[in-house]
Visitor: 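Below is one structure. I have some questions about it.
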Protein chains: 2
Amino acid sequence: MKIAIDAMGGDHAPKEIVNGVMKAVEAFPDIHITLVGDETEINKYLTNHERITILHTTEVILGTDEPVRAVRRKKTASMVLAAQQVADGTADACISAGNTGALMAAGLFVVGRINGIDRPALSPTLPTIGGEGFLLLDVGANVDAKPEHLLQYAIMGSIYCEKVRGVTKPRVGLLNIGAEEKKGNELTKQAFELLKNANINFIGNVEARDLLDGVADVVVTDGFTGNMVLKTIEGTALSMFKMLKSSLMSSLKSKLAASVLKPEFAALKNTMDYSEYGGAGLFGLKAPVIKAHGSSNGQSIFSAIRQTREMVEKDVVGLITMSIAEETSNKDL
Amino acid sequence: MKIAIDAMGGDHAPKEIVNGVMKAVEAFPDIHITLVGDETEINKYLTNHERITILHTTEVILGTDEPVRAVRRKKTASMVLAAQQVADGTADACISAGNTGALMAAGLFVVGRINGIDRPALSPTLPTIGGEGFLLLDVGANVDAKPEHLLQYAIMGSIYCEKVRGVTKPRVGLLNIGAEEKKGNELTKQAFELLKNANINFIGNVEARDLLDGVADVVVTDGFTGNMVLKTIEGTALSMFKMLKSSLMSSLKSKLAASVLKPEFAALKNTMDYSEYGGAGLFGLKAPVIKAHGSSNGQSIFSAIRQTREMVEKDVVGLITMSIAEETSNKDL
């Protein structure tokens, strides 16, 4: 199995990318990695070349680049070449921790969509209290979603969740402002009807308040709402940590007590850190394309590679292609 | 000034409603309260009748009632009669801690909209790290909002924030998935243009991640997204408290340290509790209608009354009416 990795994307590239890759090659004897990026920079950290190839390029897409334009113009950028490896069939999948919008554009223009998928979805796994996590899709690939898109997200999410995360009959929920069937806006009302009749384990509407309690394994929503929810969870968690910190530093007594609790606070921070759950899949493309978190360290890159490997091994893309074709032919009957 | 209050709405009615009312009458010599509800129940707690009148009724709208139908059929329900007091001109404003949807329906059908306001907005004040809070509108009164609705929310929110919360030139932000002007879905792109040209202190797009940091004083969004963000903040805060609690109870050492930090944890919980910031205004109606939190205690009811009193005294509804008329005539030029 061959995986192409953008060595230059993310806050700690290429060092942490290279570290993660070396760890993964050691753990999984069946993978071969192509590191795409500046050879000199990569070689500063690469101490083991076994089953690791470097594809040299100096062009890079920056976090500040306008995504679509960057992908169109920077044709030899590390991220674009990694996607190109997949399009050429040289690699089975690709990973980048770089510019999210650019990776979505590279996925769409270079790797291409599965037949019958209108819009790909960006899908991170978010934390739950119990630690099992839930898959949220879409979080921003498609901001003006139609009901059919949400149905496709549900099918893709179910397959991924079952095959890669090992959940039997994943519970699929429609993110909505109330639990009753008639609740919501035009989009959710229409999507509810489609989901009810689809070949998935649809459990109905789920509310944002219950997400971290693990109310569903797969949660579908339009990209605008999904992005809002994702960033609200992040922002609330960060703000609460800030408030807690400043409140704990307010007196000597509380400082001392807080120092005893350091491991507990670290564990909580860890649970809320969704980069621990691997990268966000870009579902609906002809091959697995994974967005690792921008702040990824070696461990997160390792997790993203493990996840990508599972997606290839379980043929998630093939299963999605088949299910979507079935869904489409049912509709045509 | 006369304020009508639904004595039977909320988890702790009528006891805590009555307690809050008695406290408010003592604090504000210029208010007269009409408590609408079951006289016998109310009199169990009412120990001071000065400037407090009871309007007796036994019909009640329940939390489980379908809002619109309940308001249409239960014509003598305490909430409906409180709204009717406002419609008749007997009261200047009304408050309920009951069924939110029913209060919105009562506001719309009984109190009525301001001329030129297409859709009222439900607007709670949410917590920020600094403690100043921000006004979020809409959180669910209008789930399929149009760009003009968001403009009206911005105008209403600015006036409320300036007059009642005492913020000079309130910073109005458009909730969006990125800070750049061109970001977002069709709704936010069009709303951005309208907000840019309005007579408000528009600071552009704001992201969900930065809300609790106090990035804006007034944040406008459609009711679906606003409801999601509100419930995501609530849910994330609650889940984090649960996780923290279970992690702190895991060993004797951590239990002891946690017991020392009880006041700090309580303070954090308090900061995150938005019922502390008063009730949610239902803006765009011909008189102030305030939704107090369902779990309101006497103190929250007191806060809601203080807030309502400010809205009447500063003639927020009159100012909104004037500003909307101006905005409409500008558009017609």
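Every chain is numbered from 1 and lettered A, B, ... according to where its sequence line falls, protein lines coming before strand lines.
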Visitor: Locate the shortest heavy-atom distance separating B/F224 from A/L175; write the atom from each residue and the value.
Guide: CZ-O, 4.0 Å

Visitor: Of the listed residues (B/A237, B/A267, B/G223), which shares the most heavy-atom pairs with chain A below a 4.5 Å separation?
Guide: B/A237

Visitor: Quick test of your reading of the model: are A/K242 and B/D213 salt-bridged, counting only N-O distances below 4.0 Å?
Guide: yes

Visitor: Chain B heavy atoms under 4.5 Å from A/T188: which part of the residue, side chain, backbone, both or neither?
Guide: side chain

Visitor: With a 4.5 angstrom heavy-atom cut-off, which part of A/E207 approaches chain B: side chain, backbone, both or neither?
Guide: side chain

Visitor: If you count heavy-atom pairs under 4.5 Å between each of A/T221, A/D144, A/V260, A/N227 and chain B, which one has the most?
Guide: A/D144

Visitor: If I compare all heavy atoms of B/A208 with all of A/T232, which pair ends up nearest, and what's the gap?
Guide: CB-OG1, 3.3 Å

Visitor: Would you name the heavy atoms of B/V229 and A/M228 that are closest together and state the gap between them?
Guide: CG2-CB, 4.2 Å

Visitor: What do you reckon, is NZ of A/K196 surrounded by more than 12 foreign heavy atoms closer than 6.0 Å?
Guide: yes

Visitor: Measure distances from A/N176 to the heavy atoms of chain B and classify the residue's part below 4.5 Å as side chain, backbone, both or neither.
Guide: both

Visitor: Where does A/L211 contact chain B at under 4.5 Å (heavy atoms): side chain, backbone, both or neither?
Guide: neither

Visitor: At a heavy-atom distance under 4.5 Å, which candidate from A/E180, A/K253, A/E186, A/M240 has the highest pair count against chain B?
Guide: A/M240

Visitor: Side chain, backbone, both or neither: which part of A/S254 has a non-hydrogen atom closer than 4.5 Å to chain B?
Guide: both

Visitor: Please classify the contact between A/S250 and chain B as side chain, backbone, both or neither, with a heavy-atom cut-off of under 4.5 Å.
Guide: side chain

Visitor: Between atom NZ of B/K231 and atom CG of A/D210, what is the distance when rounded to the nearest 0.5 Å?
Guide: 9.0 Å

Visitor: Within the supplied structure, the quantity of interest is the number of heavy atoms (other residues, nucleotides, ligands) at a distance under 6.0 Å from B/K189 NZ; does it exceed 12?
Guide: yes

Visitor: Which heavy atom in B/V143 sits nearest to a heavy atom in A/G184, and how many Å separate them?
Guide: CG2-O, 3.4 Å

Visitor: Just so I understand: if I count every heavy-atom pair under 4.5 Å between each of A/L268, A/N185, A/L244, A/T236 and chain B, which residue has the most?
Guide: A/N185

Visitor: I need the minimum non-hydrogen distance between A/S239 and B/L212, along with the two atoms involved.
Guide: OG-CB, 3.3 Å

Visitor: How many angstroms lie between CZ in A/R209 and CG in B/L230, if you round to the nearest 0.5 Å?
Guide: 7.5 Å

